[in-house]
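These numbers were taken from a predicted model, which means no experiment stands behind them.
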Amino acid sequence: MNVGSGGGEPGERPDGAGPDGARPGPVTGAAGILAAHGSVFRMGGFDWDLVAGTMIMDEASLDVFDMDRADYDDRPESLGSRVLPDEGRRLDTLVAQALKDGSEEYGAYFRIRRRDGSHQWTHTQGLVHRDGTGRPVRIVGVVRDATHELTESAARLGLDEGRRKRAGVVEGTTAALAYARTVQDVIDLLNDSHALEHFGAASLVMGLLDAGRIHLVAEGPAGAFVPGTRFTRVDEPYPMSEVIRTLRPRFIDSARDFSDSFPVLWPHISGLGITAAAYLPLIAQARPIGALGLLYSDKTGFSEDERTLLVALGSSIAQSLQRAMLYEQEHDLAEGLQQAMLPRRIPEVPGAQTAVRYRSARLGRDIGGDWYDIIPLPGGRVGAVIGDVQGHDTHAAAVMGQLRIVLRAYAAEGHTPATVMARASVFLHELDTERFATCTYAEADLGTGVVQVVRAGHVDPLIREPDGSCRRVPVEGGLPLGLSAEFGRLDYPVTTLELDPGQTLMLYTDGLVEKPGSDLDEGLQWLSALVRRGPADLQELADHLCDVVADRGGEDDVAILLLRRQGAPGSQGAGRFQQHVAQSDPEALSSARHMIRAAVRAWGAGERADEIELVADELMTNALMHTDGGAIVTLRVLGGPRRRLRVEVEDRSSALPRRREAGEAGVSGRGLLLVDQLSDAWGVESRGGGKCVWCEFTVEH
């Protein structure tokens, strides 16, 4: 209370007298009589000189404020220690408004804090005296103890600010808890330094029920923890144990009540100055999950409104805890399922370094269907897969596991990348699920560096150079798996890349590049810059990417696969390429041609690329036309004094090819003549139940 302590206007007398020198006399009559009987009515009077800033209080009024004469210096500011802060601000505003708008009187109820810490409702009424100019110079009034006269109707009129404040606490806490996704989120909210201030409590504790024991998970403020109570049993004589056993709240109205009811605990907390406490069971679906304790040092007893609001607060916290527990259980189940579906280990790949990572989305969504896989293939080749099944739930994880297994099986059978993708799409479509999946499958020959890439609705890969620079690799793509089978568009184009020693092929899911408010191109530019600044070590780079995404708080899962071809940058080295070509698979024949052309260029034999491709195509065509079953084409570099490139085509027929002259009208028979003319050497070797036709080309170093 600090209203009306300012000085007078210019030209006015400092003693508060009017222009004619007259000064209002002392108040007599009813006020004087009541003041004289203040000991009976607990009522007293005051005389507030607004000009001098002094307030004369009689003994009865000081008794109402529970204040000794020695502690009062005739200044209204001295009463501030008794009036509750919120009440004081409200009372100051009320008096200031009365002085400003010309009112002759005012009245107000407010609460004070007595010396024993209890609260007392008080009423004041004042008469405003003004000088001849209308300026307020004096207030004469009474104060009285209104504890027994304040009715419920008065509280409903808004006089109980504490009630509205507590209701606001419940509302605000409930709103904050709506954003809590995990149990730790709820605990952090209650442990927040502002939580005690909001609850109006001096100390807060919360325990969760776990196998018959109460685990204390939150307490505040720091230093309020009672040793030996981190874990307690439900049958022990503690207030939390009692409310969990009875499923009823326990309101402790005084320090005496606390010490009598819980003598084991009281000696440990008596030093905190606790005068009241409320312990609330946290109940969800008719079963206890924990308990919450609020301890107060500035009140005694709880009104019915306070009890109702605190029970509502406990119910809100309990519902949030249960929701968080269910969320964590579902997330752990989905995460466990996905981890079981992902490869347990990544095999060592000769000629390459690999790094894989999976990061689940912890913000706002459950686990998803992202996956990676590395598949060792015959002939020094390796398959690398990255994919993402639509959805974020256990079903997506289950579909992912099945799709990963069949895609791995198709690749291991020797099918071309395009065929692997087409068959995987048919499988997903026939799985009787509404989910689709995006995927990128890359098949790399680490000897030649030739990489065949097939993309099904997925994001383009990146290639990181040995110097750290990074670039996006546009890959022609088809529809996502499942959709391509549904719409009959199973033709997946193949893009052939050359991966030099030291270069890194980066495959990833869209969760790595998706950023709120940004499009995919911006996300790819951000990722390229991030990779460029990242560490050179492959494992450290993978960790760095995951850490940045975690800090960004992405809402989607992220899977990453990094494949780096080993060897000194720019080295050509010996290589070997091998591919199976099925008899009824024209796509495989076309793919093999592309691979041969790329391998020949990668090995530095570009001047004879056309000859080698033509001869290899002739040998493959002969094997497919004149034998049953498919063929295996192998391309390798042979060392020695003269560097040679050898082409081998193996089939299951033991019948040896014959070289013959074709007639003038002949349309066949020239195949081996062409091989003989273009190659430096050729021959036929028996291979078990079949044969191998080979030819060699001398190339410059």
Side-chain angles (χ1 to χ4, degrees), residues 338 342 354-374 384-392 396-397 400 403-404 421 435-442 451 453-465 468-481 483 495 497 499 503-564:
Q338 182 166 52
L342 289 173
T354 60
V356 294
R357 293 293 186 276
Y358 171 78
R359 175 194 170 273
S360 63
R362 299 295 298 190
L363 178 60
R365 295 187 181 180
D366 292 329
I367 210 78
D370 294 23
W371 89 93
Y372 55 78
D373 204 357
I374 292 181
V385 187
I386 201 80
D388 183 4
V389 175
Q390 175 200 19
H392 295 84
M400 175 273 291
L403 189 58
R404 183 185 75 83
M421 200 70 85
R435 307 299 175 96
F436 63 85
T438 64
C439 181
T440 295
Y441 174 59
V451 183
V453 185
V454 181
R455 186 172 65 87
H458 207 73
V459 288
D460 285 327
L462 300 177
I463 287 184
R464 188 189 198 222
E465 302 293 342
S469 60
C470 185
R471 58 185 170 89
R472 176 182 180 179
V473 181
V475 174
E476 190 177 359
L479 290 176
L481 302 182
L483 295 182
T495 300
L497 312 175
L499 195 65
Q503 287 184 325
T504 302
L505 177 66
M506 298 184 55
L507 305 179
Y508 50 91
T509 54
D510 54 7
L512 185 61
V513 293
E514 285 183 343
K515 299 178 64 177
S518 302
D519 58 23
L520 181 60
D521 288 337
E522 291 176 344
L524 288 172
Q525 293 175 5
W526 169 83
L527 177 60
S528 298
L530 181 64
V531 172
R532 185 165 52 251
R533 297 190 302 266
D537 181 80
L538 215 58
Q539 301 296 334
E540 293 179 2
L541 177 60
D543 289 335
H544 176 64
L545 295 177
C546 285
D547 291 342
V548 171
V549 173
D551 293 339
R552 193 180 66 193
E555 296 184 356
D556 200 359
D557 297 4
V558 173
I560 301 171
L561 188 154
L562 307 179
L563 176 70
R564 175 176 295 170

Requested in this report: Evaluate the side-chain contact (heavy atoms from CB on, under 4.5 Å) criterion for residues Thr440 and Val475: first the C-alpha distance (whole Å), next the side-chain angles of each, then the deciding distance (0.1 Å), finally the verdict.
Outcome: CA-CA 10 Å; Thr440 295; Val475 174; over 6 Å; no
State, to 0.1 Å, how close [X] and [Y] come at their nearest heavy-atom pair, and which atoms those are.
X      : Y      : answer
Ser528 : Cys470 : O-CB, 3.9 Å
Trp371 : Asp388 : CZ3-N, 3.4 Å
Met506 : Val531 : CE-CG2, 3.5 Å
Gly457 : Thr438 : O-CG2, 3.3 Å
Leu561 : Asp373 : CD1-O, 3.4 Å
Leu403 : Ala437 : CD2-CB, 3.7 Å

Pairwise distance [atom1]([X]) to [atom2]([Y]) - rounded to 0.5 angstrom:
X      : Y      : atom1 : atom2 : result
Gln503 : Arg471 : CD    : CZ    : 6.0 Å
Ile386 : Leu563 : CD1   : CG    : 11.5 Å
Leu507 : Leu462 : CG    : CG    : 9.0 Å
Ile560 : Leu512 : CD1   : CG    : 5.0 Å

Can you list the residues that meet the side chain to side chain donor-acceptor pair (under 3.5 Å) rule with [X], with sequence neighbours excluded?
X      : result
Tyr508 : none
Gln390 : none
Thr509 : Asp370
Arg464 : none

Query raised in the report: Backbone N or O of Thr354 within a donor-acceptor pair of the Gln539 side chain at under 3.5 Å?
Result: yes
**Report entry** Contact list for residues 533-543, test salt bridge (Lys or Arg N to Asp or Glu O under 4.0 Å), sequence neighbours left out
**Finding:**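 Sorted pair list: Arg357-Asp543.
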Query raised in the report: Can you tell if the side chain of Leu562 reaches within under 4.5 Å of the side chain of Leu541, non-hydrogen atoms only?
Result: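 Side-chain contact under 4.5 Å: yes.
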Requested in this report: Go through Thr495 and Arg455 one step at a time and tell me if the side-chain contact (heavy atoms from CB on, under 4.5 Å) criterion holds.
Outcome: CA-CA 9 Å; Thr495 300; Arg455 186 172 65 87; over 6 Å; no
**Report entry** Which residues share a salt bridge (Lys or Arg N to Asp or Glu O under 4.0 Å) with Arg472, sequence neighbours left out
**Finding:** Asp460, Asp521
